[in-house]
Amino acid sequence: MIKDLNNMWKARTWMKTNVPFLYSWHAYVGYELDLFEAFKKPVRAEDVADAYDLEEELLNQWVEVGVALKHLKKDSKNRVKIAKAWKLPGSKKDSPSSGDLLKEMMELHIPSLLHYPELMKEKKRQHFDNEKHGSTVAKTSTLLEMLAFRLINQNVKKHQTASILDIGCGEGGYLLKLAKKHPDLQLTGIEINKEVAESAKKATANYDQVDIVQGDIHEYEPDQAFDYIMVNNLLHYIHPEERKEFFSKLNEITEEKGVITIISPLQKAKYGKQFSSAFNSFFMTFDNLYPIPSEEELKNIAEECGFEQQNPFPIIREGGWFFVKWVKK
């Protein structure tokens with residue numbers, strides 16, 4: 001009897017613990033099908049099902065979940081409308097947004113983590129397909145720009161920067177912002193994903209000072225050194241044993257007293273330990289993604305590669321994201 005009660009208590013505890021997942025699932029479905037846009041004004045669910053060509057019973061159930069979670073509300077005429085819109089992801093046309101983060105989590109992170117038992121038993125890893133997932137990852141990386149750009153811009157001014165290299169530039173968001181603020185800056189971005197690189201070229205097409213290179217940084221041989229090199233959301237693509245070699249190469253193309261800034265979650269940091277642990281678990285399900293570094297690891301690499309590391313600055317404390325600055329000695 002006691003054992004049965006204990007098992008029931010554990011089951012109830014896990015049910016309560018996992019309720020937050022329901023909020024994420026509901027928000028993801030709403031974003032993916034643009035349903036929050038559909039219910040921006042009061043409308044009947046059956047009319048939305050007809051207009052969006054959706055299975056009506058499934059939509060009705062999604063609506064019921066939304067009402068229970070207070071994402072949605074119904075009026076006396078059984079019409080449905082979003083509630084507290086500021087908490088919900090907006091339309092896909094507003095991308096990048098929190099919806100892109102939900103999409104990455106639900107379509108990439110969670111499925112990978114669910115394979116954990118299978119991967120452990122079979123002693124194997126998945127392979128991360130950059131061509132397939134690169135665009136989604138680039139959009140979520142862009143979300144960091146709103147918080148990190150201020151720090152980057154401050155350093156551009158402080159160090160009287162004339163040239164910048166953005167490694168893994170994604171869709172060119174940082175470069176575009178910098179081009180608008182600093183017309184005399186020479187800006188170069190390198191991006192391995194062909195589709196993402198094309199997006200970056202289109203985004204920066206009106207700025208002659210921006211050059212986008214589609215290729216692998218390991219094979220990149222620039223004909224100049226740079227005052228400032230950005231390494232944003234990139235280190236999990238580089239094996240820990242190869243990071244020293246990677247930064248040694250960057251030392252060679254960094255001007256004297258030049259700057260490298262790194263944006264990454266950090267292991268065992270003061271903030272965001274839960275998120276960084278989950279992030280590491282996700283990365284380690286792949287044979288071509290690697291654990292994020294610790295502050296101590298980066299400090300040791302900096303010293304060995306001829307840089308001085310300043311104290312990391314937390315960008316998103318909940319997520320363990322940090323801004324790390326190195327100055328070439």
Test ring pair (Phe, Tyr, Trp, His ring centres under 6.0 Å) applied to F282 - qualifying residues, sequence neighbours left out: H109, F286

Note: E171-K202 ion pair, threshold 4.0 Å (strictly below): no

Any donor-acceptor N or O pair under 3.5 Å, side chains N153, K181: no

Close side-chain approach of T188 and D166, heavy atoms under 4.5 Å: no

Note: K328-E256 ion pair, threshold 4.0 Å (strictly below): yes

Sidechain N-carboxylate O distance under 4.0 Å for K103, D100: no

Show which side-chain atoms of residues 291-303 pair as donor or acceptor with protein atoms under 3.5 Å away, not counting sequence neighbours.
residue, atom, partner, partner atom, Å
S294, OG, E297, N, 3.0
E297, OE2, R243, NH1, 3.0
N300, ND2, E296, O, 3.4

Residues in side-chain hydrogen bond (donor to acceptor under 3.5 Å, both in side chains) contact with T161, at least two apart in sequence or another chain: none

H218: ring pair (Phe, Tyr, Trp, His ring centres under 6.0 Å) partners, not counting sequence neighbours: none

Shortest non-hydrogen contact from A225 toward S163: O-OG, 3.9 Å

ring-ring contact (aromatic ring centres under 6.0 Å, His included) contacts in which one or both residues fall within residues 139-188, not counting sequence neighbours: none

Test item: side-chain donor near acceptor, T285 and Y116, under 3.5 Å: no

E118 and K121: CA distance, side-chain angles, deciding distance, salt bridge (Lys or Arg N to Asp or Glu O under 4.0 Å) verdict: CA-CA 5 Å; E118 172 191 340; K121 287 190 293 185; over 6 Å; no

Pair K244 + E304, salt bridge at N-O below 4.0 Å: yes

Ring pair (Phe, Tyr, Trp, His ring centres under 6.0 Å) partners of F247, counting only residues at least two apart: W326

For the student: nearest non-hydrogen atoms of I212 and C169, plus distance: CD1-SG, 4.2 Å

Any side-chain donor near an acceptor of the partner, E242 and Y290, under 3.5 Å: no

Closest non-hydrogen atom pair, W25 against M106: CA-CE, 3.8 Å

